[in-house]
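All values below were derived from every heavy atom in this structure, side-chain atoms included, with hydrogens, water molecules and symmetry-related copies excluded.
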Protein chains: 4
Amino acid sequence: MEIWEFMLVVMRAQATDEQVRNVVETITSIGLKAHEIPGSQRTAIGITGNKGELDPAVFELLPGVAEAIRVSKPYKLVSWEVKTEPTIVKVGSVEIGSGDLVVIAGPCSVESHEQTFAVAEAVSRQGIKLFRGGAYKPRTSPYSFQGHGEDGLKLLAEVRDAFGLAIVTEAIDQESLELVEKYADMIQIGARNMQNFSLLRQAGQMRKPVMLKRGMSANLEEFLMAAEYIMAEGNYQVVLCERGIRTFADHSRNTLDLSVVPAVKKLTHLPIIIDPSHGTGRREQVIPMARAGIAVGADGVMVEVHCQPERAWSDGPQALLPSMFADMMQQLKEIHNVVSNLTVASAK
Amino acid sequence: MEIWEFMLVVMRAQATDEQVRNVVETITSIGLKAHEIPGSQRTAIGITGNKGELDPAVFELLPGVAEAIRVSKPYKLVSWEVKTEPTIVKVGSVEIGSGDLVVIAGPCSVESHEQTFAVAEAVSRQGIKLFRGGAYKPRTSPYSFQGHGEDGLKLLAEVRDAFGLAIVTEAIDQESLELVEKYADMIQIGARNMQNFSLLRQAGQMRKPVMLKRGMSANLEEFLMAAEYIMAEGNYQVVLCERGIRTFADHSRNTLDLSVVPAVKKLTHLPIIIDPSHGTGRREQVIPMARAGIAVGADGVMVEVHCQPERAWSDGPQALLPSMFADMMQQLKEIHNVVSNLTVASAK
Amino acid sequence: MEIWEFMLVVMRAQATDEQVRNVVETITSIGLKAHEIPGSQRTAIGITGNKGELDPAVFELLPGVAEAIRVSKPYKLVSWEVKTEPTIVKVGSVEIGSGDLVVIAGPCSVESHEQTFAVAEAVSRQGIKLFRGGAYKPRTSPYSFQGHGEDGLKLLAEVRDAFGLAIVTEAIDQESLELVEKYADMIQIGARNMQNFSLLRQAGQMRKPVMLKRGMSANLEEFLMAAEYIMAEGNYQVVLCERGIRTFADHSRNTLDLSVVPAVKKLTHLPIIIDPSHGTGRREQVIPMARAGIAVGADGVMVEVHCQPERAWSDGPQALLPSMFADMMQQLKEIHNVVSNLTVASAK
Amino acid sequence: MEIWEFMLVVMRAQATDEQVRNVVETITSIGLKAHEIPGSQRTAIGITGNKGELDPAVFELLPGVAEAIRVSKPYKLVSWEVKTEPTIVKVGSVEIGSGDLVVIAGPCSVESHEQTFAVAEAVSRQGIKLFRGGAYKPRTSPYSFQGHGEDGLKLLAEVRDAFGLAIVTEAIDQESLELVEKYADMIQIGARNMQNFSLLRQAGQMRKPVMLKRGMSANLEEFLMAAEYIMAEGNYQVVLCERGIRTFADHSRNTLDLSVVPAVKKLTHLPIIIDPSHGTGRREQVIPMARAGIAVGADGVMVEVHCQPERAWSDGPQALLPSMFADMMQQLKEIHNVVSNLTVASAK
């Protein structure tokens with residue numbers, strides 16, 4: 001386990017020899033090693049030996065320095081350098097990251113017994129094995145419906161018993177986390193809590209797998225480091241979820257950043273799924289973006305389904321009708337077929 | 001107390017009379033009122049009477065509808081429509097929002113007795129009455145220093161006793177919130193927790209004032225609704241804090257969005273301060289942006305000061321040295337003088 | 001042909017009757033029609049009858065007004081309301097927008113006879129009919145290679161003759177536009193010139209089809225209005241191209257915004273292709289994102305191919321090798337098969 | 001004159017000695033110099049000797065390489081390394097960059113003789129020496145008013161004669177550039193043309209000073225390189241102008257990025273002004289942000305003034321009334337006083 005350890009200090013073209021010497025001495029004085037790299041017009045100095053964070057600005061303050069550049073990758077447990085096999089996360093009978101097509105479906109919120117069972121029945125008919133539904137809803141307004149809490153979780157547990165569906169649901173604080181761990185099969189950490197480090201640590205102490213959603217303004221490093229928080233506590237069953245970032249674009253609620261999928265695959269062994277429902281916020285974009293998500297190589301998708309979206313208590317406009325969901329499933333299977341054949345071919 | 005209640009449904013140019021009628025009937029059937037607005041080439045229909053959230057997509061699904069536009073402002077307690085006098089938040093002997101120049105200063109993290117007392121002594125000498133310092137530090141990496149916790153809070157309490165400084169410090173979860181309430185004078189909710197609604201609600205149940213930092217990707221409505229969460233629980237002593245948003249610009253760590261100050265002043269009676277230390281992340285930008293913050297009309301600034309920034313355990317590159325801090329204070333006083341004279345002049 | 005014509009003026013809850021009357025009179029005095037919409041706690045006033053742009057701020061300055069909201073869609077020629085059949089743009093023997101899989105390929109820059117012919121031979125072998133290659137290169141630095149200009153265009157014309165490939169290449173100003181019109185089959189307007197309205201107008205006067213790339217910070221309305229500039233001059237043969245927007249995300253050079261494809265399809269009859277080479281800037285993301293582009297429903301993709309990317313004069317890191325390109329073609333055909341079967345099914 | 005020339009290639013922890021050797025040989029084979037930097041767990045290799053652009057991806061493709069990091073600053077003529085005195089740009093009797101408070105004012109568009117003269121009279125009365133006004137207007141819609149062209153320029157020339165005001169006005173293509181050069185005193189290149197490199201080069205061949213506005217999605221490097229394009233042609237009289245970047249924030253039309261001012265001052269000798277009118281798009285934010293702009297250390301501000309904003313042909317909502325402009329001038333003078341005293345003090 002390690003942190004990348006290089007830094008490069010670039011001197012100004014006019015820097016004097018004495019200034020270079022001073023930088024070298026400063027580096028040495030804090031226990032690091034300096035490597036001079038003389039260029040034709042200026043000198044750079046490589047630094048090795050640092051164990052933790054090293055701050056460029058410490059060197060940028062020294063006379064004659066033009067810039068200090070950090071070359072650090074703080075990833076440990078999430079990284080391919082630590083684990084060379086892809087992680088497969090098992091939830092119920094489903095193996096996320098195994099190469100199978102994984103689809104998680106269900107309503108945004110658990111509203112009532114009737115609504116929840118109706119959706120569960122509809123998605124179950126399509127062969128779905130993972131059911132989503134919110135009992136704790138983070139809402140922009142304190143006056144909006146905030147979820148049924150433990151009663152909602154109990155309803156989800158009934159759905160599991162009735163339909164054999166494993167349950168994925170969000171926890172928003174310590175109390176709800178303990179209840180979600182008790183009733184559900186997979187703990188969801190929402191985008192707004194991606195850097196709620198206290199919650200991440202608690203999730204790391206749970207024994208159920210965690211689905212971690214990317215924060216709306218999180219870059220890839222921050223996203224992976226949030227997973228690192230969970231894993232550092234001992235819970236290695238983490239699935240990443242891209243659900244859209246915040247940009248100036250206003251034709252969708254968020255901008256679903258699909259290129260993060262190959263970027264994630266390059267850096268980490270953890271599986272990643274996409275959430276086109278929250279990622280677009282508009283029903284007519286959900287199915288095309290779900291297809292694109294599977295085509296780009298995601299391990300699965302999570303979508304919202306509602307039998308009466310116009311009466312949904314939250315996020316109705318992005319929910320698919322059961323008939324649309326059935327169409328989507330058919331399309332995803334065909335796209336997945338193409339993509340998984342490719343993988344097999346390239347593996348030969 | 002109210003929520004704005006209008007929605008406008010715009011029909012397509014080719015929409016038939018029957019389609020218009022159908023929209024009107026749908027509106028009426030859910031207990032709302034429809035107001036037809038015939039244009040020269042198409043019709044729009046105004047909706048009034050809704051009490052809570054109304055979803056445009058419900059209407060966009062109806063045949064003949066081009067677009068439905070929400071005209072809702074969900075603000076209640078934060079709004080000028082509820083309270084017509086500016087809120088003044090008292091912390092120790094300081095009145096934030098009173099028109100006085102408010103400066104909050106201190107180290108990023110409470111590191112040691114020596115470091116904390118040295119900084120406290122330095123800022124105290126400049127007439128500062130509010131001291132900041134983190135005992136709980138939200139860090140991107142789980143392997144970075146996370147703060148001294150309760151021991152840090154005790155040190156801050158010692159600083160209060162020794163220098164007569166009121167203490168502002170961050171809480172990151174329920175446990176730390178209770179301790180911060182016990183030891184400090186003002187509870188800070190950090191940018192990463194701006195939509196940790198559970199924490200906001202708990203802060204709303206505390207009796208100490210709250211400083212709420214804007215999330216890195218929060219728009220103004222979300223920022224104000226986060227304050228609304230706190231106030232809805234009964235704690236009206238809320239100070240907003242702009243600390244930079246996430247953009248593509250890479251010459252500063254974040255983009256300090258100063259135009260939010262006049263925008264906030266237009267919509268809410270709550271005071272707002274700016275944090276140029278986190279907002280820029282670069283020492284050489286802190287003082288210019290602090291000046292700009294006072295010039296734009298903020299109620300105060302919060303800055304980080306460290307006697308040995310190159311040895312700081314966190315965020316050293318953005319910390320001011322005590323001598324720079326003294327210069328800044330002088331400059332802010334002069335700028336504040338200009339701005340407050342203007343206010344007096346315009347009030348006459 | 002028309003511009004949407006509604007505006008909604010929302011009064012404050014405390015607005016007096018006289019203030020409402022004043023707003024109505026102002027509306028009437030500038031020749032527009034006012035429609036009062038009384039709500040339970042405040043009044044809104046709909047405006048109809050305006051022909052051009054109407055500025056919300058004009059009304060927001062009036063006493064008692066809370067907000068004025070524009071309900072305008074400025075699209076004319078690009079809109080489905082004007083033309084109800086999808087536009088098919090013919091370039092050489094290829095019909096973009098017809099439902100066929102369209103792939104445009106070639107090097108970033110035309111560097112030499114040898115390089116250009118080698119790439120042309122490689123892509124031609126995969127059945128490609130549209131060849132791209134830059135003779136005029138917009139580069140961030142004035143000291144970078146700026147393209148061979150007319151000599152490059154002549155080389156492209158030779159490629160057409162030798163391989164039967166139609167040529168797509170960028171014009172950057174009036175002079176190059178005239179030369180591109182002379183030598184090539186399709187005029188490309190680059191992202192940096194998407195709001196170079198002078199160039200757009202000139203392109204509108206040409207008789208060759210135009211590929212218009214989305215600007216890095218253009219929202220959908222601005223993108224479509226740029227197409228409108230070209231069409232307003234009489235050239236209706238416009239193909240849109242998504243090539244990535246600028247966001248904070250740093251794992252790809254730009255963020256390829258695939259959800260713009262269904263959004264474009266909803267608003268306009270013009271075809272849209274995607275450019276995953278510029279959209280990601282990283283070779284390993286190009287093929288996955290090309291697959292995703294076809295899966296989301298784009299009419300085609302444009303990719304860069306180079307036989308020796310490590311020696312490319314520009315954008316080598318995003319170029320595919322010929323063998324990768326062959327793999328990609330196979331994958332895209334299979335994905336396209338799935339997607340076009342869906343379309344046929346849904347059309348029945 | 002030079003380009004920074006370093007690159008750092010970081011090997012994977014598991015890289016073999018042979019892989020390191022292969023990287024070193026590749027570097028040498030293309031005429032560059034390799035400097036090995038052995039760390040405790042992996043090796044990095046510094047590269048020196050490259051003259052132009054060097055592409056990280058060339059090395060990232062080699063086996064065993066984790067990442068290649070460019071350490072290049074492409075600035076030449078804009079840089080402090082070439083010119084150590086601040087550039088002062090003279091326009092009429094005004095010296096931009098001299099430390100004097102510079103205010104450029106006038107209407108968005110030149111509409112009529114009456115309107116233009118009325119505004120000129122109003123701003124002139126406040127001691128303004130630089131007058132702005134658009135004769136060529138880049139507009140999102142082809143159906144919006146596009147400016148009076150040469151007639152507008154003639155009107156501006158009349159204003160110069162009548163009031164002794166130097167004229168700043170925008171050129172949008174080669175033709176208008178030649179006319180602007182003929183009639184005006186300073187050529188403005190707008191944000192949408194910041195990377196219209198053809199136009200930049202032509203402006204570089206003119207003998208009148210140029211005001212270059214930052215593009216809405218331009219980072220600082222791109223902004224300075226656009227100035228480099230102008231200077232590379234021999235025109236060194238360039239003034240930068242910050243006018244807001246595009247972000248998700250919707251309380252202002254753009255996000256005026258004031259921290260770019262200290263960042264610009266650190267890298268270049270060119271002066272920079274700010275444009276709070278376009279930067280905010282809302283009248284009530286213009287004066288506060290103008291104050292902030294002077295407080296942050298900008299060399300001046302450019303604002304729009306109109307005697308009847310509600311009848312302006314473009315951008316009325318951001319125009320100041322003459323009385324507001326007079327107030328602003330008073331405030332800016334006082335703020336400038338504070339800031340320039342500081343500079344004098346710090347220079348001692």
Item to check | Contact class of C:K266 relative to chain A, heavy atoms under 4.5 angstrom | outcome: side chain
Item to check | CG-CG distance between C:N219 and A:D250, expressed to the nearest 0.5 angstrom | outcome: 5.0 Å
Checklist entry - What's the spacing between A:H251 NE2 and C:L224 CG if we round to 0.5 Å? => result 10.5 Å
Checklist entry - Side chain, backbone, both or neither: which part of C:A290 has a heavy atom under 4.5 Å from chain A? => result neither
Checklist entry - Looking at side-chain heavy atoms only, is the closest gap between A:R291 and C:V296 below 4.5 Å? => result no
Checklist entry - For the atom pair CZ (C:R253) and OG (A:S259), what is the distance rounded to the nearest 0.5 Å? => result 12.5 Å
Item to check | Top of A:A218, A:P276, A:G279 for chain C proximity - count of heavy-atom pairs under 4.5 angstrom | outcome: A:A218
Next on the checklist: When you compare the side chain of A:T255 with that of C:T255, does any pair of heavy atoms fall below 4.5 Å?
Outcome noted: yes
Checklist entry - Hey, which residues of residues 321-335 of chain A are touching chain C, say heavy atoms under 4.5 Å apart? => result A:Q331, A:E334, A:I335
Checklist outcome for this item: Expected contact set for residues 239-247 of chain C against chain A at heavy-atom separation under 4.5 Å reads C:I245, C:R246, C:T247
Item to check | Residue C:V260 versus chain A: region with a heavy atom under 4.5 Å | outcome: both
Checklist outcome for this item: Smallest heavy-atom separation, C:R214 atom then A:F248 atom, equals NH2-CE1, 4.2 Å
Checklist entry - Taking C-beta and beyond as the side chain, do A:V338 and C:V338 meet within less than 4.5 Å on heavy atoms? => result yes
